[in-house]
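Here the structure comes first, spelled out in structure tokens, and everything after it is commentary.
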Amino acid sequence: MRRVLLAVHAAREAAAKVAASFAAEVQVHGIEVCVLDSDAEALRAAGLQDAHVVAAGPGAAAGCELAVVFGGDGTILRAAEMCRGTSTAVLGVNLGHVGFLAEADVEDLQDVVRGVVDRSYTVEERLTVDVSVTVAGEVVATNWALNEASVEKAARERMLEIVLEIDDRPVSRWGCDGIVCATPTGSTAYNFSAGGPIVWPEVEALLMVPISAHALFARPLVVSPSSTLAIEVVGEQSTGVLWCDGRRAAELPLGARVEVRRGRETVRLARLHPASFADRLVRKFDLPVAGWRGAAERRQEELDR
């Protein structure tokens, strides 16, 4: 039996209603629907019936061909945690603001139903990062991220003093608010807000962007996907916090060392439409493109002359 997992921003009544409507339509076609125990009550209240309830957490998506997400990018990142390490792809339906990770908007629900039923979607493998924290030579925390790992100051009134290292070589020391280590997928998230470059998702690279650094050389860097980025917390009173995708945190005492490298596991994102990444940028950020003439239009103008 075909099976899909629903992941829903359960605090939004509209998300639960749309998810319940989607579930009813795919169930007609013999597709079993699984829901997370944390979402089950909201979905039942929205009219969902005959769903299999699974415990939320890593591996919840095992055995499902898709995790269909109804919410914003935060809900998609939550689903990615449960799909990582499985063959399950994440298909996002945006009910948030920008929703850059989402493939469809709520108005496209019938297209989503059709794509799932017909299996007319494609799947992209997205690069992730693995993160480790070492204190006095001992690994005290490990984590991972799809978008970014950020090292940030712990105290609002103090700067964070860090030394950046790339591939076992020191690059610079800064006083700053933090530093973002992002993937191409995360280049449109925190990295973008901090002034980093937008990188097409098929480019394999790691990105590093300082946040409010007090230094002459504090520019965004793009490095090889095989490189290792390391950040050491230095200074007499400097402490920080490591955030992975803005969801999972670890304290960084003075002397902590954070290493960021290409992840061993990818995250699979499902796509319904073959639109280019440039089109996605224009749509999501509402970029002005008035006056553009494509190659076909220019050729027609030449023929008309």
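Taking 4.5 Å as the limit, every side-chain heavy atom of L207 sits out of range of all side-chain heavy atoms of C181. V223 places a side-chain heavy atom less than 4.5 Å from the side chain of I166. F277 places a side-chain heavy atom less than 4.5 Å from the side chain of I198. Looking at heavy atoms from C-beta onward, C34 lies in side-chain contact with L5 at the 4.5 angstrom threshold. Contact of the V133 side chain with the V139 side chain is not registered, since no non-hydrogen atoms from C-beta on lie closer than 4.5 Å. L281 is listed as a side-chain neighbour of F100, based on a closest heavy-atom distance under 4.5 Å.
Identified under the side-chain hydrogen bond (donor to acceptor under 3.5 Å, both in side chains) test for residues 5-16, with sequence neighbours left out: E13-K17. Residue pairs meeting the side-chain hydrogen bond (donor to acceptor under 3.5 Å, both in side chains) criterion with at least one member in residues 44-55, sequence neighbours excluded, do not occur. Residue pairs meeting the side-chain hydrogen bond (donor to acceptor under 3.5 Å, both in side chains) criterion with at least one member in residues 221-231, sequence neighbours excluded, are D167-S227, S224-S226.
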Working for side-chain hydrogen bond (donor to acceptor under 3.5 Å, both in side chains), residues E25 and Q110: CA-CA 9 Å; E25 295 206 41; Q110 289 307 310; 2.8 Å; yes
L109 vs V18, side chain to side chain contact (heavy atoms under 4.5 Å, CB included): CA-CA, chis, key distance, verdict: CA-CA 8 Å; L109 185 61; V18 173; 4.0 Å; yes
Trace of the side chain to side chain contact (heavy atoms under 4.5 Å, CB included) decision for E148 with D245: CA-CA 5 Å; E148 78 281 314; D245 283 338; 4.3 Å; yes
Candidate pair V260 and S132, rule side chain to side chain contact (heavy atoms under 4.5 Å, CB included), full reasoning: CA-CA 7 Å; V260 180; S132 63; over 6 Å; no
Derivation of the side chain to side chain contact (heavy atoms under 4.5 Å, CB included) call for M159 and K153: CA-CA 6 Å; M159 285 194 303; K153 64 181 184 181; 5.5 Å; no
Criterion side-chain hydrogen bond (donor to acceptor under 3.5 Å, both in side chains) on R126 and T185, from CA distance to verdict: CA-CA 7 Å; R126 293 296 183 91; T185 298; 2.9 Å; yes
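Remark: side-chain polar atoms of W174 are paired, donor with acceptor, to backbone N or O of F217 under 3.5 angstrom. Formation of a donor-acceptor pair under 3.5 Å by the S276 side chain with backbone atoms of D279 is found in this model. Judged by distance alone, with hydrogens and angles left aside, the side-chain atoms of R2 form a donor-acceptor pair with the main-chain N or O of V117 at under 3.5 Å. Proximity of a side-chain donor or acceptor of D177 to a complementary backbone N or O of I211 within less than 3.5 Å is not detected. Put simply, the side chain of S187 gets close to the backbone of V199: a donor and an acceptor are under 3.5 Å apart. Distance alone, capped at 3.5 Å, places no donor-acceptor pair between the T88 side chain and the L66 backbone. Between the side chain of T239 and the main chain of L254, no donor-acceptor pair closer than 3.5 Å is present. A donor-acceptor pair under 3.5 Å is absent between the side-chain atoms of D118 and the main chain of G115, judged by distance alone. Although no hydrogens or angles enter the test, the distance criterion places a donor-acceptor pair under 3.5 Å between the side chain of E103 and the main chain of L272.
Counting heavy atoms of neighbouring residues, nucleotides and ligands inside a 6.0 Å radius, atom CD of E202 exceeds 12 of them. Remark: E157 CD is packed, more than 12 non-hydrogen atoms of other residues, nucleotides or ligands lying under 6.0 Å away. Counting heavy atoms of neighbouring residues, nucleotides and ligands inside a 6.0 Å radius, atom CZ of R219 does not exceed 12 of them. Under a cut-off of 6.0 angstrom, the local environment of CG in L216 is sparse, with at most 12 non-hydrogen atoms contributed by other residues, nucleotides or ligands.
Note on R271 versus E124: salt bridge recorded, some NZ/NE/NH1/NH2 to OD/OE distance being below 4.0 Å. Salt bridge annotation for E232-R173: absent, with no cationic side-chain nitrogen under 4.0 angstrom from a carboxylate oxygen. By the 4.0 Å N-to-carboxylate-O rule, D39 lies close enough to R78 to be salt-bridged with it. Of the charged side-chain nitrogens involved, none lies within less than 4.0 Å of a carboxylate oxygen, so that R262 and D130 do not count as a salt-bridged pair.
Under the side-chain contact (heavy atoms from CB on, under 4.5 Å) test applied with L36, the options V8, L6, V54 reduce to a single match, V54. Among C176, S238, S172, the one residue that satisfies the side-chain contact (heavy atoms from CB on, under 4.5 Å) test with I162 is C176. Checking R268, R119, R3 one by one against E65, the salt bridge (charged side-chain N to carboxylate O under 4.0 Å, His left out) holds for a single residue, R119.
Across every non-hydrogen atom of N147 and A189, the tightest pair is ND2-CB, 3.8 Å. Looking at every heavy atom in both residues, D37 comes nearest to A56 through OD1-N, 3.2 Å. Of all heavy-atom pairs between A16 and L43, the closest is O-CD2, 3.7 Å. Taking every heavy atom of both residues into account, A46 and A20 meet most closely at O-CB, 3.7 Å. Residues N94 and G72 approach most closely at OD1-CA, 4.1 Å, considering heavy atoms. Minimum heavy-atom separation, P184 to L127: CD-CD2, 4.3 Å.
In the hydrophobic cluster analysis, where Ile, Leu, Val, Met, Phe, Trp and Tyr join through side-chain heavy atoms closer than 4.5 angstrom, L221 is grouped together with L160. There is no path of hydrophobic side-chain contacts, each under 4.5 Å, that joins V180 to L242. The cluster map of Ile, Leu, Val, Met, Phe, Trp and Tyr, joined by side-chain heavy atoms under 4.5 Å apart, puts L95 and L91 in the same cluster. Under the 4.5 Å side-chain contact rule for hydrophobic residues, F70 and M82 do not share a cluster. The hydrophobic cluster containing L229 also contains V129, counting ILVMFWY residues as joined when their side-chain heavy atoms lie under 4.5 angstrom apart, directly or transitively.
Put simply, CZ on R264 and CH2 on W144 are 12.0 Å apart, with the number rounded to the nearest 0.5 Å. Once rounded to the nearest 0.5 Å, the distance linking CZ of R169 with CG of L164 reads 13.0 Å. For the atom pair N191 CG and T183 OG1, the distance stands at 8.5 Å (nearest 0.5 Å). Here L77 contributes atom CG and E81 contributes atom CD; the two are 7.5 Å apart, rounded to the nearest 0.5 Å. Note: F22 CZ to Q27 CD = 9.5 Å, rounded to the nearest 0.5 Å. To the nearest 0.5 Å, the span separating CG on L146 from SG on C83 amounts to 11.0 Å.
Between F285 and F192, the ring planes lie parallel to each other; the angle is under 30°, not in the 30° to 60° tilted range.
Between the side chains of S150 and E152, at least one donor N or O lies within less than 3.5 Å of an accepting N or O.
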